[in-house]
Q: 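Below you will find the structure I want to go over with you.
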Amino acid sequence: MYGPMAWQKKYQWRETWPGERHEDWTAFDGEIQIGRIMRDLATHNHRGLFMWSGGLSGVKGFGNRLMPHQGWEREHWQAAKAVEDWYDAMRERNGMDPRDHGRPA
């Protein structure tokens with residue numbers, strides 16, 4: 001089982017609205033927006049959880065879409081991991097090589 005100390009992000013994460021103090025971040029692989037996480041403050045049965053969603057809408061090479069492409073997690077790091085895992089699976093599904101993030105296999 002992963003924990004916040006065991007899991008390490010593989011992609012670049014940026015605040016979606018810098019300086020706005022929202023719990024909302026967007027992930028990038030280079031210039032490609034791969035997904036987003038945010039604390040859900042509105043959905044009745046998910047309020048307070050972190051919603052994650054995969055990106056890549058309209059990005060060339062990612063036509064074979066993997067579903068589901070969104071969900072909710074209790075912690076921000078779990079939602080971020082879900083985005084990164086989804087993106088890695090999308091790369092594989094669309095015949096792309098996995099990313100080497102400098103970690104031993």
Side-chain angles (χ1 to χ4, degrees):
M1 180 86 188
Y2 282 101
M5 301 305 279
W7 176 74
Q8 293 182 10
K9 56 187 171 177
K10 298 184 263 184
Y11 300 99
Q12 182 182 23
W13 287 86
R14 304 177 198 154
E15 283 185 280
T16 304
W17 309 102
E20 296 284 326
R21 300 180 56 90
H22 298 290
E23 293 179 283
D24 190 328
W25 297 272
T26 304
F28 293 86
D29 180 7
E31 294 300 313
I32 299 172
Q33 181 179 334
I34 66 171
R36 181 176 171 190
I37 67 171
M38 69 184 91
R39 186 173 302 270
D40 189 337
L41 302 174
T43 308
H44 177 71
N45 59 339
H46 294 109
R47 192 173 295 136
L49 299 178
F50 282 90
M51 186 183 81
W52 68 269
S53 58
L56 305 174
S57 181
V59 176
K60 186 176 180 177
F62 290 98
N64 193 354
R65 196 105 174 126
L66 180 63
M67 298 297 227
H69 65 278
Q70 67 97 49
W72 286 266
E73 299 291 346
R74 287 200 177 279
E75 303 290 337
H76 64 82
W77 69 268
Q78 293 168 318
K81 181 180 182 313
V83 166
E84 292 188 356
D85 289 348
W86 178 85
Y87 175 66
D88 288 342
M90 277 286 288
R91 290 184 59 79
E92 182 179 339
R93 184 182 183 107
N94 286 278
M96 297 175 191
D97 292 329
R99 288 284 192 232
D100 176 10
H101 296 281
R103 288 186 225 144

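Index from 1, following the sequence. Computed over heavy atoms, backbone and side chain alike; hydrogens, waters and symmetry mates excluded.
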Q: Check whether any side-chain heavy atom of W25 sits under 4.5 Å from a side-chain heavy atom of R36, and report yes or no.
A: no
Q: Can you name the closest pair of heavy atoms from L66 and A89 and give their distance?
A: CD2-CB, 3.4 Å
Q: Between W77 and Q8, is the side chain to side chain contact (heavy atoms under 4.5 Å, CB included) condition met? List the steps.
A: CA-CA 9 Å; W77 69 268; Q8 293 182 10; over 6 Å; no
Q: Rest of the hydrophobic cluster containing W72 (Ile/Leu/Val/Met/Phe/Trp/Tyr, side-chain heavy atoms under 4.5 Å)?
A: M38, L49, M51
Q: Rounded to the nearest 0.5 Å, what separation is found between the CD atom of Q12 and the CD atom of Q33?
A: 12.0 Å
Q: With the threshold set at 4.0 Å, does a side-chain nitrogen-carboxylate oxygen contact exist between D24 and R39?
A: no
Q: Just so I know, are the side chains of V83 and W13 near enough to count as touching, which here means a heavy-atom distance under 4.5 Å?
A: yes
Q: In the hydrophobic clustering (ILVMFWY, side-chain contacts below 4.5 Å, transitive), which residues join W17, or is it alone?
A: none
Q: Return the set of residues passing side chain to side chain contact (heavy atoms under 4.5 Å, CB included) with L56 (not counting sequence neighbours), or none when no residue passes.
A: I32, I34, V59, F62, R65, W86, Y87, M90
Q: Residues two or more places apart in sequence or in another chain: which of them pass side chain to side chain donor-acceptor pair (under 3.5 Å) with E75?
A: none
Q: Can a salt bridge be assigned to the pair K10 and D88 using a cut-off of 4.0 Å between side-chain N and carboxylate O?
A: yes
Q: If the condition is side chain to side chain donor-acceptor pair (under 3.5 Å), which residues does D85 pass it with, not counting sequence neighbours?
A: K81
Q: Between the main-chain N or O of M96 and the side-chain N or O of N94, is there a donor-acceptor pair closer than 3.5 Å?
A: no
Q: Could you go through D29 and R91, starting from their C-alpha distance and side-chain angles, then the distance that decides it, and tell me whether this counts as side chain to side chain contact (heavy atoms under 4.5 Å, CB included)?
A: CA-CA 11 Å; D29 180 7; R91 290 184 59 79; 4.2 Å; yes
Q: Please name all residues satisfying side chain to side chain contact (heavy atoms under 4.5 Å, CB included) with A79, sequence neighbours left out, ordered by chain then number.
A: I37, F50, W52, E73
Q: Check this for me: R14, atom CZ, are more than 12 non-hydrogen atoms of other residues, nucleotides or ligands nearer than 6.0 Å?
A: yes
Q: How long is the straight-line distance from CZ of R47 back to CG of D40, given to the nearest 0.5 Å?
A: 8.0 Å
Q: Just wondering, do E23 and H76 contact through their side chains at under 4.5 Å, heavy atoms?
A: no
